[in-house]
Amino acid sequence: MGNAIWIVLEHRQGKPHRMALEAVAAGQELARVTGGTAEAVVVGGAEARAVADQAAGWQLGAVRFVAGEGVAHYTPGGYAGALAEAVEADRPAVVLFPHTYQSVEYVPRLAQALGAALVPEAVSFEQRDGRLVWRRPVLGGKLVAEVAARGEGPVLVTLQSGAFAADQLAAAAEPAPILEQSTTAAADREVLGVEEAAEQQVDLSQAPVIVAVGRGVGKQENLVLVRELAEALGAEIGASRPVIDSGWLERERQIGSSGQTVAPRLYVALGISGAIQHVVGMKGSQVVVAINKDPGAPIFAIADYGVVGDLHEVVPALTAAVREAKAG
Ligand code: FAD
C-alpha cells in the first residue's frame with residue numbers, strides 16, 4: 001500500500017462543495033503529519049473538468065480526474081464502482097470524503113466493495129505510536145470516541161462539517177498534474193433530471209452568517225426582530241427545535257442533531273439555551289455570539305462573545321448598530 005492520501009471532491013455544476021475544500025485542508029494536514037502525498041480525486045462527466053482544473057491550483061501531488069459515461073451524473077452505484085476500481089489499482093493509505101448526504105449514501109457501499117475500514121464523521125486525527133487515531137462524536141455528540149482502523153487496507157474517512165477550516169487550504173506554487181483516468185463503472189439509476197429545490201428550501205450548510213433563534217423569542221410575532229437583524233447582517237435564519245415544532249419557521253431551518261449541521265463564519269444565537277442536540281449542529285461555527293437572559297445558559301460555554309440580557313432589548317440595538325456601521 002502506498003502513502004497517498006486521497007481527497008474525493010464532491011461537486012455540483014462545475015464547482016466544488018464547500019465541505020470538499022475543508023476535506024482538502026484536512027488532507028494536506030494529514031499529508032504533513034504522516035509524510036504522505038495528498039491527491040484530489042474528481043469523479044464525474046465533462047463539467048467536472050472545471051473542478052479538477054481548480055484543484056490543480058492547490059498544494060497536491062496530483063489531481064485524478066475519473067471520467068466516464070456512467071458517472072456523468074452522480075449515482076451511488078456509479079461512484080462506488082468508479083472509486084472501487086481506482087482505489088484497488090493504486091491502494092492509497094487513506095481516502096477522505098466530506099460527510100455530506102451524498103457520501104453518506106455511497107461511501108458505506110464503497111467500503112463494503114473494498115472490504116475497507118470506514119470511519120464516519122471524523123472531527124480530528126492524531127498520529128500515535130505509529131497509528132492514525134481518529135476522533136468522532138458518538139451518542140448524539142455526548143461522547144467522543146477514538147478509533148484506529150484495523151488491518152492494512154485503505155481506510156475511508158468522512159469528515160464532519162466545520163471540523164477542518166477551508167481557509168487553511170494551501171495553494172500550489174506549481175499547478176498539480178491532472179491524471180485522467182476513464183472508468184467503465186455503470187450508473188445504477190437513470191437520472192431523469194436534476195432540478196434546483198424550490199426557493200423556500202434553504203441550505204444553511206452553505207451560509208456564511210446565520211442568525212439562529214430559540215424558544216427565548218417567546219412567540220412567532222417576535223420573529224420580526226430576528227428577521228431585521230438577519231437582513232442587516234446578510235444572514236440566513238436558523239432555529240432550535242422548539243421554534244420549528246411550534247410551526248414558527250420551516251422545518252429545514254432547524255439546526256442540530258435532528259436538523260442541519262452548519263459551519264458559518266458567524267453564528268448569532270438568540271434565546272437558545274445550548275442543549276447538546278442543538279450544539280452538535282453548530283459547534284463548527286467560527287465565531288459564536290450568544291444573547292441570553294440567563295448567565296448560566298450552556299450556550300455561553302461555547303460562545304466567543306456573550307450578551308446577558310433580554311433579546312427584545314438587545315436585538316433591536318444590535319440591528320441599529322449594524323445598520324449604522326454599514327451606512328458609515
Ligand atoms: P430552551 O432550552 O427552552 O431555551 C430557551 C433559552 O432562551 C433559555 O436559555 C432562556 O434563558 C432564554 N431566554 C428566554 N427568554 C429570553 C429573552 N427574553 N431574552 C434572551 N434569552 C431568553 N434541539 C435542537 O435545537 N435541534 C435539534 O436538532 C434537536 N434534536 C433533538 C433530538 C432529540 C432526540 C431530542 C430528545 C431533542 C432534540 N432537540 C433538538 C431538543 C433539545 O434537547 C432542546 O430541547 C432544544 O435545543 C432547546 O431549544 P431552545 O434552546 O430554543 O429552548
Side-chain angles (χ1 to χ4, degrees), residues 19 99-101 104 120-121 123 136-145 158 160-163 201-207 209-230 232-233 235-264 266-285 287-322:
M19 285 166 63
H99 189 83
T100 59
Y101 289 118
V104 162
E121 238 188 326
V123 293
R136 55 180 303 263
V138 288
L139 292 177
K142 279 208 166 76
L143 301 174
V144 177
T158 69
Q160 197 187 70
S161 172
Q201 294 224 333
V202 271
D203 181 6
L204 295 180
S205 70
Q206 305 283 342
V209 183
I210 294 177
V211 172
V213 55
R215 183 157 31 205
V217 74
K219 52 183 178 182
Q220 191 171 22
E221 294 73 58
N222 293 342
L223 287 175
V224 63
L225 298 177
V226 180
R227 291 209 169 88
E228 282 172 1
L229 177 60
L233 287 170
E236 277 289 356
I237 296 180
S240 67
R241 182 159 157 176
V243 170
I244 305 299
D245 287 349
S246 305
W248 298 347
L249 285 171
E250 314 88 293
R251 173 88 26 215
E252 60 262 30
R253 295 196 185 270
Q254 181 175 321
I255 293 166
S257 59
S258 47
Q260 295 205 42
T261 301
V262 300
L266 174 63
Y267 191 89
V268 185
L270 308 175
I272 291 180
S273 59
I276 184 71
Q277 293 88 356
H278 185 77
V279 168
V280 290
M282 50 66 73
K283 65 178 186 228
S285 307
V287 175
V288 175
V289 176
I291 299 170
N292 196 304
K293 67 178 186 188
D294 173 9
I299 191 77
F300 286 127
I302 58 154
D304 300 282
Y305 300 93
V307 180
V308 177
D310 186 334
L311 70 87
H312 301 105
E313 290 165 20
V314 179
V315 172
L318 185 58
T319 306
V322 172

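Counting starts at 1 for both ligands and their atoms, following the listed order. Computed over heavy atoms, backbone and side chain alike; hydrogens, waters and symmetry mates excluded. This chain uses plain numbering: 1 for the first residue, then up along the sequence.
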- prompt: Between L311 and ligand 1, is there a nitrogen or oxygen pair with a distance under 3.5 Å?
  reply: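 Checking ligand 1 against L311, an N or O pair does fall under 3.5 Å apart.
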message: Pairs of nitrogen or oxygen atoms closer than 3.5 Å, one from A275 and one from ligand 1: do any exist?
response: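 Min N/O separation from ligand 1 is not below 3.5 Å for A275.
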Contact check, side chains of M282 and I302, non-hydrogen atoms, under 4.5 Å: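 They are in side-chain contact.
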Nearest heavy atom to [atom] wins, so pick from [options].
| atom | options | result |
| --- | --- | --- |
| atom 7 (O) of ligand 1 | S240, A297, G238, G271 | G271 |
| atom 12 (C) of ligand 1 | N222, N292, V280, V279 | N292 |
| atom 42 (C) of ligand 1 | E313, Q277, Q254, K293 | Q277 |

message: Using a 4.0 Å heavy-atom cut-off, which part of V314 comes near ligand 1: side chain, backbone, both, or neither?
response: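 It is neither; nothing of V314 touches ligand 1.
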- request: Heavy-atom distances under 4.0 Å are what count here, so tell me which part of P242 touches ligand 1: side chain, backbone, both or neither.
  value: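 It is the side chain that touches ligand 1; the backbone stays farther off.
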query: Any sub-3.5 Å donor-acceptor pair from S273's side-chain atoms to A297's backbone N or O?
result: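 No, S273 side chain to A297 backbone: no donor-acceptor pair under 3.5 Å.
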message: Does the protein come close to atom 45 (O) of ligand 1 - that is, does one of its heavy atoms sit below 4.0 Å from that atom?
response: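 No, because not a single protein heavy atom sits under 4.0 Å from atom 45 (O) of ligand 1.
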task: Might you point out which heavy atoms bring S285 and Y267 nearest each other, and give the distance in Å?
output: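 Where S285 meets Y267 most closely, the heavy atoms are OG-CB, 3.6 Å.
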- prompt: If you look at every heavy atom in G256 and V280, which pair is closest and at what distance?
  reply: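 Result for this residue pair: C-CG2, 4.4 Å.
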Nearest non-hydrogen protein atom, atom 1 (P) of ligand 1: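 Nearest neighbour among protein heavy atoms for atom 1 (P) of ligand 1, to 0.1 Å: S273 OG, 3.6 Å.
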